[in-house]
Each structure stands twice: as C-alpha cells, then as structure tokens.
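Here the structure is a predicted model, which means the values were calculated and not measured. Residue numbers count from 1 along this sequence.
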Amino acid sequence: MVSVTVLGSGDAFASGGRAHSAYLVEAPGTTFLLDCGPTVLQSLKRARADSNRVDFVLLSHLHGDHFGGLPFLFLEYRYENPRRRPLTVYGPKGTARRVPALYRALYEQVAQKPPPFPVVYEEVRAGRPFTAGVVRITPLVVPHSPELVCHAYRIETGEKTIFYSGDTSWTDELLVHARGADLFLCECSTYETRLDIHLSYPEIAARAQDFGCKRLVLTHLGREPLAHLPDLSLECAEDGMRIDLA
C-alpha cells in the first residue's frame, strides 16, 4: 500500500494556521518527502513519523514555503535523531546552490562543519524521467515564478501513481499528466482572485471531470478557498490527513 500524509496544506502565508507545503509518502521499499516547508519538523513529530525513515527529499521549486525546512531537518539529523546514511535532495536547477546557502544563512557555524551523513544534491530536468530507489519520477515545468524553474511531478511507486502540481497557474499539461493517477495533489491558492502564478478554485472545478484521475485533493490552500470551505464540492486537504492508496 502507498500512503501520503499531508504534513502541510497551507500557502506561503500559513493561511488558516496551516503548515507549509510538505507531504510524507510511504510506499513499499521507500519513504520520502515531497516538498519540505519550514514547518516540516513540527508536522513530522505531530504525525509521530520518524524523520530517519526518509530516504530522499523531492523539491518542486525553490520558494521558502517549499524548501525552507531542509536546514531544520539537517539539524535534527545532527543532534536530535542522528543520521549516518546518505540523504539525496532532488530538485530543479539551483537546488545544489540554494539549499546550502539557506543552511549557512540560518546556522552559519553549524553549516561550516562537515555533516555526519552525506548530503547529495541531484538537479533534475523536465521531460527526463529518473529513478530514486524504487520510485520513477517524471518532472515537468509549470508556470509559476518566472525567475525559477518550477516543477510538477508524476510519481510512480508501488504500482500507484501520484501527480503533484507544485505551485502553478493553469496549464493544459495538468490534464495530460493527471490522467490515470491514483492521486492528484493540486494546488488551490485563491477563489475570487485570478493570478498568473497560482490556480483558483473555479478554474479547477470547471475542469475537474477532465483530469481523469482517481482522486483529486486540493492543497496549498489560501485564505480565499478556506473562507469558502463549506461551499466547495471538491475534496480539500487538511494538515495531518492520511491518504491511503490501497
């Protein structure tokens, strides 16, 4: 069985008091983090999940609410839950530079010490599927922030498929890659407001039947969709919820 624990379903502003983007994926032969927002440690501990079981981290893009938890994870592995085996961080262009730079900015002295476990950075490219252990991952570029390379991911593991939008505005590529997925985790940042960097609920609802996925769960929820929760017909994520793909 494959399970996804929603460690954070909020946007960059932690709307509604929700944690930042992070999802713990547990599948036969692997456990990994899909995005790693600043609140990742609190969320892992609330879920009673052992951080040392994480085999790798997969980053959609390099905005703080999606990768800002890595320095805290590194500290956890050095002091609180010692790690010795390697940790691979997969992400778009810039990952190998931005993550260590953030670590140094937050914990300058500690970051200068050799880590007690190897950290490996792998920068992935859209249209080039790769394997991380037993997981096959296909990145695609999505329109979010013009100064960054931003990815959505189609993830195949344990005979199940997860499609994760990351942060994006509307693109028909979502329809292509969501088709047949057991779970589509789709960002939904706004309701009334239409932006060219995020999705709004009406945009998603209008095409929901076209995705062709088995389960659609909205996440990265901003204040507008949260204010409309009683009226929404599509399923919305909650911090701490576990989604089992049996």
Using residues 225-232 as the side-chain source, report each donor-acceptor pair under 3.5 Å to any protein atom, sequence neighbours left out, with the distance given to one decimal.
unit_1: His228; atom_1: NE2; unit_2: Glu192; atom_2: OE2; d: 2.6

*asked:* Can you pull out every salt bridge (Lys or Arg N to Asp or Glu O under 4.0 Å) where at least one residue sits in residues 32-48? Sequence neighbours excluded, please.
replied: Lys45-Glu76
*Compare all side-chain heavy atoms of Leu34 with those of Ile155 and state whether any distance is below 4.5 angstrom.*
yes
*Could you tell me whether the side chains of Gln42 and Thr39 share a donor-acceptor contact shorter than 3.5 Å?*
no
*Quick one: list whatever passes ring pair (Phe, Tyr, Trp, His ring centres under 6.0 Å) with Tyr121, sequence neighbours left out.*
none
*asked:* What I'd like to find out is whether the side chain of Leu174 reaches to under 4.5 Å of the side chain of Ser165, using heavy atoms alone.
replied: yes
_Going by side-chain hydrogen bond (donor to acceptor under 3.5 Å, both in side chains), name the residues that satisfy it together with Arg223, two or more places apart in sequence or in a different chain._
none
_Is it true that, when you exclude Gln209 itself, more than 12 heavy atoms of the residues, nucleotides or ligands shown sit nearer than 6.0 Å to its CD?_
no
*asked:* Show every salt bridge (Lys or Arg N to Asp or Glu O under 4.0 Å) that has at least one partner inside residues 81-109, sequence neighbours left out.
replied: Asp55-Arg85
*What pairs with Phe13 under ring pair (Phe, Tyr, Trp, His ring centres under 6.0 Å), at least two apart in sequence or on another chain?*
none
Would you mind writing out the side-chain donor-acceptor pairs for residues 17-24 within the sub-3.5 Å range, not counting sequence neighbours?
unit_1: Arg18; atom_1: NH1; unit_2: Ser9; atom_2: OG; d: 2.8
unit_1: Arg18; atom_1: NH1; unit_2: Ala237; atom_2: O; d: 2.6
unit_1: Arg18; atom_1: NH2; unit_2: Glu238; atom_2: OE1; d: 3.1
unit_1: Arg18; atom_1: NH2; unit_2: Glu238; atom_2: OE2; d: 3.3
unit_1: His20; atom_1: NE2; unit_2: Ala12; atom_2: O; d: 3.3
unit_1: Tyr23; atom_1: OH; unit_2: Thr219; atom_2: OG1; d: 2.8

*Taking only residues two or more places apart in sequence, or in another chain, which ones meet His61 in a ring pair (Phe, Tyr, Trp, His ring centres under 6.0 Å)?*
His63, His66, His144
*asked:* My understanding is that only residues two or more places apart in sequence, or in another chain, count here; which of them pass side-chain hydrogen bond (donor to acceptor under 3.5 Å, both in side chains) with His177?
replied: Glu173
*asked:* Rounded at 0.5 Å granularity, tell me how far CZ in Phe67 sits from CG in Leu102.
replied: 5.0 Å
*Kindly write out the residues that satisfy ring pair (Phe, Tyr, Trp, His ring centres under 6.0 Å) with Tyr90, not counting sequence neighbours, or none if the list is empty.*
Phe56, Phe130
_The criterion is side-chain hydrogen bond (donor to acceptor under 3.5 Å, both in side chains); which residues satisfy it with Thr88, sequence neighbours excluded?_
none
*Give the other cluster members for Val141, using side-chain heavy-atom distances under 4.5 Å between Ile, Leu, Val, Met, Phe, Trp and Tyr residues; answer none if it is isolated.*
Val149
_Asp11 side chain near Asp65 side chain, heavy-atom distance below 4.5 Å_ = no
